[in-house]
2 protein chains.
Amino acid sequence: MSMNPAPDPIFARLDRAGLVQHVVRLITDAILQGRLKPGDRLTESGIARELGLSRAPVREAARLLENRGLVVSQPNRGFFVREVTVEAIDSLYELRICIECAAVERLVAGDPAPALIGLRARIDEMRDLAEADDPLSQIEADMAFHRLICLHSGNERFVTAFDQIADETQLSLMLIGRLYDDPMRMAETHEPVFDAIAARDAQAARAALEYHIGTARRVVTDIFRKLKEDGSA
Amino acid sequence: MSMNPAPDPIFARLDRAGLVQHVVRLITDAILQGRLKPGDRLTESGIARELGLSRAPVREAARLLENRGLVVSQPNRGFFVREVTVEAIDSLYELRICIECAAVERLVAGDPAPALIGLRARIDEMRDLAEADDPLSQIEADMAFHRLICLHSGNERFVTAFDQIADETQLSLMLIGRLYDDPMRMAETHEPVFDAIAARDAQAARAALEYHIGTARRVVTDIFRKLKEDGSA
DNA sequence: GTCAAGAAGATTGTCGACAATCGACAGAAC
DNA sequence: GTTCTGTCGATTGTCGACAATCTTCTTGAC
């Protein structure tokens, strides 16, 4: 009963289970970069042909993307890139507030120290990317910041819940391009949240995060409403 | 451009997309009825042979069950019925509190009237099932009650979030058999929640629901801890 | 007796093919 | 001109088979 658990992992275990995951990544990128637009159809055979593999892994990847909310499926009709509506975004942000606020409260109740390093790094990253004028990467840093809060909450289920809505959130952000006219704004709006966490004030942290996400919610929905009006006009 | 929207639907739309869904149902029942125990392996070929169909739909059903949390998959090793730990249950209930409390608050903020009928019916159902001594069906009525709150919250995403943790919650309840010694207790513990909703008091409703789920959380984890101790002793 | 190496069996990952279903178009009936 | 019906092409749903991988059992050395 020796049970050698890890006999010296010298080489990183290369993703031999990676085909499906790879397809997921490819489709995700295509959607988030706008090469696939909301409402577009994803034909299994077409994607399979382009990638030079069979329909099975493509199909499985599509199912995974469905559960992550990036695509929707209709029986006997296939997969489509999810249509984004103002109402959906609003609902999404309401759920985000509910989950992330609970997470940050729990984070501060525990030991926030390990999280602070990563959180600080993300904010600095947003500043750098603002100077580099790279709004897309900035959005990714934003998502990473919020994910870190869930990750260090001590309740791993907050992370899975966050992940299940993260992609759709990111999609809505990518669609509108940029949130604020001043690229530095994004980093600034995260500072109060960071400060409250660093001060180990659970109530203040919750309030700051709720305000932060709530503001983003208003800004995003407003911009999106305008976009829709122009689009359908 | 006449666009007749619904020219008298005489026939109910029959589920033509049923095979995978049917398999999902079968496996779900097997797990929730205890015929498949946590840790058990789900072999695609075995299930496919038993059901008299190919592996494809079985595989797809397993993937769906994975995202609903009832099974977990390991690359190149297949699917297993999810192991339930005390920590997982505790995390689960914490997330439930966070989601359902937000849902009930929003429900009361809107018009709670349409929800009340269904909620009342579920509580009555729990009483009937207590007399009939049917704890399994009672658990289903319990889940239905909580799902109704999310359903009538006005934010459909609360429902999807709830559904993604509902099966696992139900599994933990099924595993411990019955929550309270007195079967009537389950119905009783829902009354304060119902009353607060009926009174249209959002804060009271949130508090009542938080107390209700919080109590269940303590009871379930306690029972489960005892079960584990006996099991491993 | 313990442990490592190898063979055999079982199971998943992937593939190409067929059947069922859907959407669009053309033609007939009114 | 409008509406219904039948056909056609395209796509999904399902299947059986093969290759890659994991598990288990056996074998052999120490």
Side-chain angles (χ1 to χ4, degrees), chain A residues 1-27 36 39-67 70-83, chain B residues 1-27 36 39-67 71-82:
Chain A
M1 288 295 188
S2 58
M3 264 305 228
N4 269 7
D8 287 332
I10 298 178
F11 296 106
R13 195 187 195 85
L14 59 88
D15 268 357
R16 206 64 203 77
L19 191 50
V20 170
Q21 215 54 32
H22 193 238
V23 177
V24 168
R25 175 72 58 117
L26 287 176
I27 301 180
L36 285 172
D40 280 0
R41 185 172 198 163
L42 299 178
T43 56
E44 300 174 5
S45 3
I47 296 175
R49 216 178 314 121
E50 281 192 44
L51 299 180
L53 34 86
S54 111
R55 277 174 49 209
V58 175
R59 190 182 178 80
E60 206 151 312
R63 270 278 132 75
L64 286 178
L65 287 171
E66 181 182 20
N67 297 52
L70 279 186
V71 308
V72 296
S73 77
Q74 298 181 25
N76 284 318
R77 288 200 13 90
F79 298 90
F80 301 82
V81 179
R82 168 163 235 136
E83 298 270 10
Chain B
M1 279 297 200
S2 58
M3 262 308 226
N4 271 4
D8 289 330
I10 297 178
F11 295 106
R13 191 183 196 85
L14 54 86
D15 277 3
R16 208 66 202 80
L19 190 49
V20 170
Q21 215 54 31
H22 194 240
V23 177
V24 167
R25 175 72 58 117
L26 288 176
I27 301 180
L36 285 171
D40 280 0
R41 186 171 199 163
L42 298 179
T43 56
E44 300 173 5
S45 2
I47 297 175
R49 217 177 314 122
E50 282 191 44
L51 299 180
L53 35 85
S54 108
R55 279 171 49 209
V58 175
R59 191 182 176 79
E60 205 151 316
R63 269 281 131 73
L64 286 179
L65 287 172
E66 182 182 19
N67 298 56
V71 308
V72 295
S73 77
Q74 299 179 26
N76 285 318
R77 291 202 5 96
F79 298 90
F80 301 82
V81 180
R82 169 165 233 135

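Naming convention: chains lettered A, B, ... in sequence-line order (proteins, then strands); numbering from 1 in each chain. Given the structure is predicted, the values throughout are model-derived calculations rather than measurements.
Relative to the side chain of A:N76, the nucleotides D:dC22, C:dT21, C:dT11 differ in distance, and C:dT21 lies closest. Checking C:dT11, D:dC15, C:dG13 against every side-chain atom of B:T43, the shortest atom distance belongs to C:dT11.
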Going through the distances and angles, do B:R82 and B:V72 end up as a side chain to side chain contact (heavy atoms under 4.5 Å, CB included)?
-> CA-CA 6 Å; B:R82 169 165 233 135; B:V72 295; 4.1 Å; yes
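Mapping A:G52 and B:S45 onto DNA chain C via the closest heavy atom, the residue that lands nearer the 5' end is B:S45. Residue-to-nucleotide proximity on DNA chain C shows that, of A:R77 and A:L53, the 5′-proximal contact is made by A:L53.
For the atom pair CG of B:D40 and CZ of B:F79, the computed distance is 15.5 Å after rounding to the nearest 0.5 Å. Distance check, rounded to the nearest 0.5 Å: CD1 of A:I27 to CG of A:L51 gives 7.5 Å.
Spacing between atom CD of B:E50 and atom P of C:dT11 amounts to 12 Å, rounded to whole angstrom units. B:E44 has its CD atom 15 Å from the P atom of D:dC22, to the nearest Å. Whole-Å rounding puts the B:R55 CZ to D:dG16 P distance at 12 Å. To the nearest angstrom, C1' of D:dT14 lies 15 Å from CD of A:E60. Between the CG atom of B:L51 and the P atom of D:dC15 there is a distance of 10 Å, given to the nearest Å. What separates CZ of A:R41 from C1' of D:dA10 is a distance of 8 Å, to the nearest Å. A straight line from CZ of A:R59 to P of D:dT14 spans 7 Å, rounded to a whole angstrom. If you measure from atom CG of A:L19 to atom P of C:dC15, you get 6 Å, rounded to the nearest angstrom.
B:Q21 is listed as a side-chain neighbour of B:L64, based on a closest heavy-atom distance under 4.5 Å.
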